[in-house]
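Worksheet: one structure, shown below.
Naming: A, B, ... by sequence-line order, numbering from 1 per chain.
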Amino acid sequence: MSLKTKKARGIERLKIRYGRMFILPWFIGLLLFFLIPLVSSIAYAFSKVDLSNGISMKFIGLENFKTLLGTNPDYERNIRAAVSSFFTSLPIILSLSLIFAVVLNQKFRGRLLARAIFFLPVIIATGVVMQYIMGNKIGSSGSASGAALSTALGGGDSAMRFSAVLTKLGLPDRVTLLLNDYIADVFNLIWSCGIQILLFVAGMQSIPDQMYEVSKIEGATTWEEFWYVTFPMLGNVILLVLIYTMVDQITAYDNPVMNQAYDFVGKNIDMYGDSAAALWLYFVIVGVLSGIVLFAYQRVFLRRWN
Amino acid sequence: MKKLSWRILCLMLSLLLCIGCFAGCGASKGGDEETEEIIEDELVLGDEDADDDDEGDVIEKTESTSNGGSNNGGSGSGSAVVGNGSAGNVNMDKNLAEKLKGTTVKVLWWKDFTATEKELIKKFEKETGMKVEYKYAANDAAPYTELIASAMAGKEGYDVAMFNYTSFPFRPLTTMQPMEKISNFKASDWDQEIVNAYKINGHTYGVNINGSNYSEYVVMYYNKSMFQRAKQKTPREYWEANNWNWDTFMDCAKNMTKKNSDGSITYGYVNLFAQSVSYWTAAGGTDFISYNPAKSQFTANIGNATLEKSLQQFLTIANRGYMDRTLPYGVDTFRKGDAAMFSCISFFMMKDVSGSFGNMKDEIDAVPFPMPKGQKQKTLMDASAFGILQGSKNPEGAIEFLKYFLNPSNYNKGGNFLNNNLKDTYAKISAMPKIIPYTAGVMNGAALADYSPMSQLICKSDLSQVKATLEKYKNQFNMSVEKANKKVKNTK
Amino acid sequence: MKKVMKSPLQFNKQYRQVVGSVFYRLFRLFLLVAVGYTIISPLLQVISNSLKSGADFTDSSVSWIPTSLYWENFSDAFRLMKYPQALLRTMLVPILSGLFEVVSCGVAAYSFARFKYPERNLMYVLLILMILVPVRITLLPSYVNYRYFDFFGLSKLLGKVVGKDLTLNLIDTPFTFYLPSFFGVGYQSGLFVLIYIQFLKGIPKELEEAAWIDGAGPVKTFAQIIVPSSGVAILTVSILSVIWHWNEYYLSGLYFKNPDKYPLAVAMDRLVATVDLNHNIPSPVGTMMAGCLMFILPLLVFYLIVQKNFIKSIDRVGIVG
């Protein structure tokens, strides 16, 4: 017995060592390529950054945050918009992509085609092509082709295509307008579901077949099968999708706060300090919010299943 | 166990080494090979162009040069600006030329150079023995600023960069150096108006040459055949009779706006960007923000009577339905013949602009942007200027490069206009006094409020609402101006 | 499970199942068609635009079907993007480093998912930070970091001793992508580590424990037990890594100074400007749309090939269909 515990304890100690060994390269990389820039960017938030001869910083305390909150009305508004869209789109995207994933994971005629179509956003949505498709690609003020492009695609508004269809249907203007806004939202939501669907399908693929066989023998309906087999087994993947969706929403290129902070330095290279302050303040806020979401998820769902 | 961990470590190190070697080869040796290959490719491509598919183009070119020549003889006024293709040589002081031989000029551009410009650069390199290195961004907005920032943060010693009215005064103040200190800078080499308009604290930060490839003016295009079909007096006729102003513009817009039988509307006027309300305020004489280069001072003009009059003019056009103010970009409407007049930069006058008005050829004509009645005709300028970056390692070379590169006689600009009327207009406009709208630069650079949604808001409301909007943003205007003035003072 | 079956609502199971199934099929059909249309319609628009000539764009009677198929758009885009060179470069730099990440992130995730050591929680925090912090924030310091690359200040120290600047300039070399990817901290690495962790957690521990007891080393366990049983995870990460690296244009546009070294995504990003500059492109919008199609085509082929393996286990019993 003592031999066994000794061996077990030895394994534990070894495991600590091996754990460190496997993480070491990643940690070195982290130090070399991530932490240095990260710390610098935090330092920017508290300094006046001057680029005239390399980067030189002058510590000015909370000055950047003060000007940001004191003189810039857009910032507060953008943060509010970002947070509210974060909370509305998060549950919608999650549930939509779960439904799509369940459907796509079934056997039906034409599912290969359906899969190919549903995963198209994975290929396109993250990339530069999306900007062309949405007609956002109007570069400089005088870009003739850019302006032509956005007119060709309906004034840079994805909903315009649908509005043309709606007008043809002869609906009253007010209804068309309302539907337009709604459709534009749906369009954006569906296009941001691609990777979530992919992850969910992958998760469903890795559920062992035996589970389903057992439930079949037990005589469970599909509905019950979903709630008592698929859903609980997806616990880890849901967490993953949750995190991905949050990160995607927080750091998306069209996020108002990100955009504004980017605009600061895009217009005036004197403002790296302000930009860093804007982003870090935003990150503290959304970081806390996502922390709450994750904590709630762990507490409420994972615990109940386990 | 210990052995194993050692093995892992060795494996990783060797892998790292392998990849390093592989990538290193790819980086240094492979890189050179690649560039060589590409240059070869380009040469081959160029040959092909000349050989087969661009035959028509070649003919066109020869035609146009002859055209340009004959016209220059005739018109006279614009010969310096829209000259034919006789390339100017580099005139440099001998000592300086000797000194600069073998040096490198590093250029940050906001777009790739055109084929003509690349040729010109090669010629410059050949004649002076200097080397020109360049890097470019996707467009002249944020990506370009970011490119400049990273180059400066990395202390890479780039020499030349561009700024224009949308990035003045912050870009020149934060990234560029006064040019007077540079030994071979001579004020007489450059367009005095640009130099003076962009002077800060009495120092020159940016230069340009009148009529260069980067001199763009805001003009009013119009569709000649539409006017003729409607039997209306064209803007050119008004202009030639010295009667082209806001009132006659309004008449044109009114006469050309009509409802078609199928319910669609043909508009009298469209704008490139709906929010280009700044064109009207600047032409009116008082922009939202103005700049006095002599005193190096910015002023916010909210509440100014002249400004309100200009806004009134703009909004009247919209309120009477002469323009479609919901339209974000007007190019296509004008091109398709659904609008009679279109205000935009002179860039579109050129034949070789992709997506320009090539389909309209002789139908299109342009006149200067109208001014209020009774004022002397000036021209609005979309003014770019080129400056020397801080930390530049070869400022003398950079000045020589700019002098050569911006020289209009190095380009066959005369042969490149869509038609002779446009060429004539361009030549006349470039001789006029210039107006530069400063508002966008100050508002952008201060980044306290986003300027474009505000101007969109202005464009979509009537005058009383505009007053409310301006009142709401007044503080932002004032603070932006304050910030700009402070920055100017601090750099003294 | 048994308790659940005896729910009071269970009246006529067979009947309910049939009705439910028909209803469900209709619902599914509706869903697939509606969402499919939303996704496919802009793409159809792209395809239709890519085949239009310049005249078609100014003709208001032409909306979806071009008057004639104008294939020159594709040759124009091919030429302007310098397609073959850019494609090769994409394969050599972003895709290769993406494949590095598939391996290196797996190793890191193995440590996260299977071992307990005191520093692990700190590592978790760093991981979350890495996922959350977007590249834009750290862009400028990262650039400087690569411009004067320094191994923990050693190069500088040594440089002072030797009297020479020993820091490395990695800008404009593929190292800006290879090195971080090799250590598992490259583009989107944080997410890949997280994906691996979540999937590894789902793999039963028993086999591994047995291997441990048998005295197999960590490398052997990793290679012979973990890797074979995490096929789906590896596949998922590979797909995402290839796609994301293919699409990445923001960093490459900044780290590669030399325009001749741009990968395909950057060429695509700049296409609108290139079209503006390269004069006499007869159909600018058509050319851009053709460029879009040519840009996603290799990805689409890659995806269709991989997808086959991805769906292999779909034909399982027990799911409605």
**OP:** Among B/Gly337, B/Ala153, B/Pro143, single out the residue with the greatest number of heavy-atom pairs under 4.5 Å to chain C.
**Re:**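 Of B/Gly337, B/Ala153, B/Pro143, B/Ala153 has the most heavy-atom pairs under 4.5 Å with chain C.
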
Original post:
Looking at residues at least two apart in the chain, or sitting in another chain, which of them share a side-chain hydrogen bond (donor to acceptor under 3.5 Å, both in side chains) with C/Tyr117?
Top reply: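 Partners of C/Tyr117 under the side-chain hydrogen bond (donor to acceptor under 3.5 Å, both in side chains) test: C/Ser111.
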
**OP:** Identify, with sequence neighbours excluded, every residue that meets side-chain hydrogen bond (donor to acceptor under 3.5 Å, both in side chains) alongside C/Ser75.
**Re:**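 C/Ser75 satisfies side-chain hydrogen bond (donor to acceptor under 3.5 Å, both in side chains) with no residue once adjacent residues are dropped.
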
Subject >> Validation row: B/Glu146, C/Tyr250 side chains within 4.5 angstrom (heavy atoms) >> reply: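 Yes, at least one pair of side-chain atoms sits under 4.5 Å.
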
Subject >> chain B contact via C/Tyr262 - which portion, at a heavy-atom distance below 4.5 Å >> reply: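 Only the side chain of C/Tyr262 comes within 4.5 Å of chain B.
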
Subject >> Atom pair CG (C/Leu140) and CE (B/Met152), whose distance is rounded to the nearest 0.5 Å >> reply: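 If we round to the nearest 0.5 Å, C/Leu140:CG and B/Met152:CE are 11.0 Å apart.
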
Subject >> Close contacts, residues 142-150 of chain C versus chain B, judged by heavy atoms under 4.5 Å >> reply: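 Residues in range: C/Tyr143, C/Val144, C/Arg147, C/Tyr148.
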
Original post:
Counting only N and O atoms by type, is there a donor-acceptor contact under 3.5 Å from the side chain of B/Lys135 to the main-chain atoms of C/Phe256?
Top reply: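 The answer is no, because no donor-acceptor pair under 3.5 Å joins these two groups.
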
**OP:** Please identify each residue that fulfils salt bridge (Lys or Arg N to Asp or Glu O under 4.0 Å) with B/Glu125, with sequence neighbours left out.
**Re:**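 None.
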
